[in-house]
Amino acid sequence: MRPSGRAIDALRPVFIQPGFARHAEGSALIRMGGTEVLCAATVETRVPSFLRGKGQGWVTAEYGMLPRATHSRGQREAAKGKQTGRTQEIQRLIARALRAVVDLKALGEISVTVDCDVLNADGGTRCAAITGAWVALRLALEKLVRAGTLPALPIKGQVAAISCGLTDDGPVLDLDYREDSAASADANFVLTADGGIVEIQGTAEKDPFTEAQFNTLMRLARTGTAELFRIQTAIVEEALKA
């Protein structure tokens, strides 16, 4: 039995509240177990200098953690004057995941920045951020369509992410901090609803894991993201009716 009492293929309870940040063009507060991330999408009618005049848009992301998102206080990166390598790596991952499902040509010369701020961390913050960021982005782009700024929605599909790992209980889905810190191997899977793979980050903490074990983790990830896609769709549909 896992520490949480969950089955090996069970997600933590997932809750997504759209429109949490009232001033953002699109936003979502996502809660996965004890992990909470606020995702807010900002739309700007300009693009980075390397895209000017090319008739193409841009989607990017920023990621951060509140000082008391973890068990002990972390120093604000602004106070240190620079981001950590971990922060830079995660926000680039989120941005890549979002761009994978957006038609940047159809977006035109518009930029969307999705800020992902971790309010409470209990494992899987980058995965929760990607899953919530897609909802925030989807709602922001829908607002542009309804306003007549865009003729059609430039979304090509859905993207979500989930962690899996090898623990004393065997291969498990959606690790919380307690499981993640003791896992012999763990991986983050960024997948699309049509079966595509955006990115897989896998690491053996102790002994190397086998291809058979990896395939088991992949199957678990497919199970988990299928449920996340269902939740995303239901939340977006409900928000658009409101």
Side-chain angles (χ1 to χ4, degrees), residues 9-21 24-32 35 37-43 57-61 63 90-107 110 112-116 124-146 150 152-164 173-174 187-201 217-242:
D9 60 350
L11 293 171
R12 292 173 289 177
V14 180
F15 168 82
I16 301 178
Q17 181 179 341
F20 189 86
E25 283 77 15
S27 67
L29 174 68
I30 181 168
R31 180 182 301 129
M32 296 184 69
T35 289
V37 185
L38 174 58
C39 307
T42 299
V43 175
W58 189 242
V59 176
T60 190
Y63 169 94
I90 292 176
Q91 63 189 28
R92 289 168 183 163
L93 170 66
I94 299 168
R96 288 195 299 272
L98 297 176
R99 288 196 294 270
V101 292
V102 175
D103 183 342
L104 296 177
K105 284 289 186 183
L107 184 59
I110 289 174
V112 184
T113 301
V114 184
D115 290 293
C116 300
T125 61
R126 71 186 67 194
C127 294
I130 289 170
T131 303
W134 182 87
V135 174
L137 176 66
R138 173 71 172 76
L139 294 175
L141 294 178
E142 180 68 34
K143 184 171 287 188
L144 293 180
V145 173
R146 293 189 174 189
L150 293 176
L153 197 65
I155 290 278
K156 299 186 292 184
Q158 282 176 257
V159 66
I162 198 67
S163 65
C164 299
L173 176 70
D174 190 16
N188 299 304
F189 294 82
V190 185
L191 308 175
T192 62
D194 60 2
I197 299 171
V198 177
E199 191 156 339
I200 299 173
Q201 302 176 325
L217 296 180
M218 185 72 185
R219 286 193 295 271
L220 285 172
R222 293 284 188 199
T223 298
T225 52
E227 177 64 11
L228 293 175
F229 293 136
R230 185 195 66 77
I231 294 170
Q232 284 178 328
T233 298
I235 292 299
V236 168
E237 289 179 350
E238 179 183 338
L240 294 180
K241 290 178 184 177

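The residues of the chain are indexed from 1 along the displayed sequence.
- Across every non-hydrogen atom of G132 and A28, the tightest pair is O-CB, 3.9 Å.
- Annotation: side chain of L173 is not in contact with side chain of L217 (no heavy-atom distance under 4.5 Å).
- The heavy-atom pair separating A136 from A41 by the smallest distance is O-CB, 3.7 Å.
- Panel note: side chain S27, backbone A21; a donor-acceptor pair is recorded below 3.5 Å.
- With a 4.5 Å cut-off on side-chain heavy atoms, C39 and V135 do not count as touching.
- Shown here are the side chain to side chain donor-acceptor pair (under 3.5 Å) partners of R126, two or more places apart in sequence or in another chain: E89, Q201.
- Looking at every heavy atom in both residues, A97 comes nearest to I130 through CB-CG2, 4.0 Å.
- No option in I94, V112, V198, L104 other than L104 meets the side chain to side chain contact (heavy atoms under 4.5 Å, CB included) test with R99.
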- Passes side chain to side chain contact (heavy atoms under 4.5 Å, CB included), L220 versus I162? Steps please. CA-CA 9 Å; L220 285 172; I162 198 67; over 6 Å; no

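- Applying the salt bridge (charged side-chain N to carboxylate O under 4.0 Å, His left out) test to pairs two or more places apart or on separate chains, those with a residue in residues 228-242 are E227-R230.
- No side-chain heavy atom of D9 sits less than 4.5 Å from a side-chain heavy atom of R219.
- With M32 as the fixed residue, the side chain to side chain contact (heavy atoms under 4.5 Å, CB included) test singles out one of V14, I16, V37: V14.
- No side-chain heavy atom of K143 sits under 4.5 Å from any side-chain heavy atom of L150.
- Ion pairing between R12 and D174 holds under the 4.0 Å rule for side-chain N and carboxylate O.
- For the pair L153/R138, a side-chain contact is recorded, criterion being any heavy-atom separation below 4.5 Å from C-beta on.
- The closest side-chain heavy-atom distance from V236 to W134 is below 4.5 Å.
- Partner of L141 under the side chain to side chain contact (heavy atoms under 4.5 Å, CB included) criterion, chosen from V43, I155, I110: I155.
- Proximity of T60 to R92: side-chain heavy atoms (C-beta onward) are nowhere separated by under 4.5 Å.
- Interatomic distance, L93 CG to C127 SG, rounded to the nearest 0.5 Å: 8.0 Å.
- The CG atom of L11 lies 9.0 Å from the OG1 atom of T225; values are rounded to the nearest 0.5 Å.
- Scanning all heavy atoms of the two residues, the minimum distance from E142 to L240 falls at CG-CD2, 3.3 Å.
- Side-chain atoms of T192 and Q158, non-hydrogen and from C-beta on, never get closer than 4.5 Å to each other.
- Counting all heavy atoms, side chain and backbone alike, T35 lies closest to A128 at CG2-CB, 4.1 Å.
- A donor-acceptor pair under 3.5 Å is absent between the side-chain atoms of E25 and the main chain of A140, judged by distance alone.
- Using modelled atom types, one finds no donor on one side chain facing an acceptor on the other under 3.5 Å when comparing Q232 with T131.
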